[in-house]
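Shown next, in structure tokens, is the structure this report addresses.
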Amino acid sequence: MPELPEVEVVRRGLARWVVGRRITHAEVLHPRAVRRHAAGAGDFVGRLEGTQIAAVSRRGKYLWLPLRSDDVGSIDDALVGHLGMSGQLLLQPQGSPDETHLRVRLAFDTGGRELRFVDQRTFGGLALDALVEDDSGGRIPTSVAHIARDPLDPLFDDDAFARSVRRRSSEIKRVLLDQTVASGIGNIYADEALWRSRLHGGRPADRLSRLVVLALLGHVRDVMNEALEQGGTSFDALYVNVNGESGYFDRSLSAYGQEGLPCPRCGTPIRRIAFMNRSSYFCPVCQRSARHHGAAAQDR
DNA sequence: CATAGATCCTGTATGC
DNA sequence: TGCATACAGGATCTAT
């Protein structure tokens, strides 16, 4: 569930602490946490130790730490991380008790706190990956290059997004969750942006007008920025910043998780339906379903 | 190629 | 109390 705002909160917390530090010790406590590192845990640890963290970057829900290698001095690789559903990156004092689901530990030359990857459900993971040039002269890990820029990226192309969305015959919610169209959007912010747009998630994307798609994008940006200001969304102790603290955007949600509660706009109880093996929350009055928009395709 | 559905994983909440 | 079941859901894999 950590989506873009939650991952950005983590990125900022990490950036303040780890940039410029050298990794002196790496330890993998659960092999599944580094399954995306094809060469295995031993290679992961061996290549990580001795490197210096040059930055903390993010695209969508992916984080990466470009690494300056000890011997060469150049920055060719990055430590790539994805939190999956329950991953946490915590800065903990050395010697503090290991978390139940501690998967990877990194310690630094400066002592003090260590970086811990904790992940209950093990959908997340860490890997080392080569940096390649992206489409605008920047650098990005190979394993992240396949996803689109996210809506908070200054180089995000709104018109290209609208064209991409309107080429698809899938339901608009499914398209919002497709990380190759725009990255960073997950179930919570998809439902919130659709609610703000008064759009039912089941509407076919290719029957929405360009202006409706651009307005939806604006709502995606708004809800993400508002969540960021409040430290992200947390429903329980799983979604926390690097100090283990929860954000409180959950208090501002209009639709997601609000089944049975009144729609803040019209008072109709919010409804929950199954969708893609998860849930969609929407107002059945404000967000009209596809059949009310018939074959006329008036949104063109 | 686009699209849709299954799958991975573990802790918590709920019902009988 | 114990047991079974549903649920949380991002990314990836497989099937059509």
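Protein chains get the first letters and strands the later ones, always in sequence-line order, with residue 1 at the start of each.
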Determine the contact category for [X]: base if any of its heavy atoms lies under 4.0 Å from a base atom, sugar-phosphate if only primed atoms, P, OP1 or OP2 are that close, otherwise nothing.
X        : answer
A/Arg35  : nothing
A/Asp119 : nothing
A/His146 : sugar-phosphate

Mate of C/dT12 where both pairing distances stay under 3.5 Å, Watson-Crick or G-U | B/dA6

Between [options], which nucleotide has the shortest distance from any of its atoms to the side chain of [X]?
X        : options               : result
A/Lys61  : B/dT10, B/dC8, C/dG10 : C/dG10
A/Tyr62  : B/dT3, B/dG5, C/dT12  : C/dT12
A/Thr122 : B/dG11, B/dA4, B/dC9  : B/dC9
A/Arg36  : C/dC13, B/dC8, C/dA8  : C/dC13

What integer distance in Å separates [X]:[atom1] from [N]:[atom2]?
X        : N      : atom1 : atom2 : result
A/Phe275 : C/dC7  : CZ    : P     : 16 Å
A/Gln88  : B/dG11 : CD    : C1'   : 13 Å
A/Arg272 : C/dA8  : CZ    : C1'   : 10 Å
A/Met276 : C/dA8  : CE    : P     : 14 Å
A/Gln258 : C/dA8  : CD    : P     : 13 Å
A/Arg32  : C/dA11 : CZ    : P     : 14 Å
A/Ile147 : C/dA11 : CD1   : P     : 7 Å
A/Lys173 : B/dG5  : NZ    : P     : 14 Å

For [N], does OP1 or OP2 lie under 4.0 Å from any side-chain N or O of [X]?
X        : N      : result
A/Ser279 : C/dA8  : yes
A/Arg121 : B/dC8  : no
A/Tyr281 : C/dA8  : yes
A/Gln179 : C/dG10 : no
A/His82  : C/dA11 : yes

Looking just at side-chain N and O atoms, do A/Glu99 and A/Gln88 make a donor-acceptor pair shorter than 3.5 Å?
-> no

Run the numbers on A/Arg12 and A/Glu8 for salt bridge (Lys or Arg N to Asp or Glu O under 4.0 Å), then give the verdict.
-> CA-CA 6 Å; A/Arg12 292 177 184 181; A/Glu8 175 62 15; 2.8 Å; yes

Could you tell me whether a side-chain N or O of A/Arg113 sits under 3.5 Å from a main-chain N or O of A/Leu91, the two making a donor and an acceptor?
-> yes

Backbone of A/Ile188 reached by a side-chain donor or acceptor of A/Glu3 within 3.5 Å | yes

A/Arg168 (side chain) and B/dA2 (base): donor-acceptor pair under 3.5 Å = no

Taking atom types as they are modelled, is there a donor-acceptor pair under 3.5 Å from the base of C/dG10 to the side chain of A/Arg278?
-> yes

Evaluate the side-chain proximity of A/Leu216 to A/Val165: yes if any heavy-atom separation is below 4.5 Å, no if none is.
-> no

Would you indicate whether A/Arg105, at its atom CZ, is surrounded by more than 12 heavy atoms from other residues, nucleotides or ligands within a distance under 6.0 Å?
-> yes

Does A/Arg167 or A/Asn277 map to a spot on DNA chain B nearer the 5' end, using the closest nucleotide for each?
-> A/Arg167

Do we see A/Phe123 stacking on the base of C/dA11, given a limit of 5.5 Å between centres and 30° between planes?
-> no

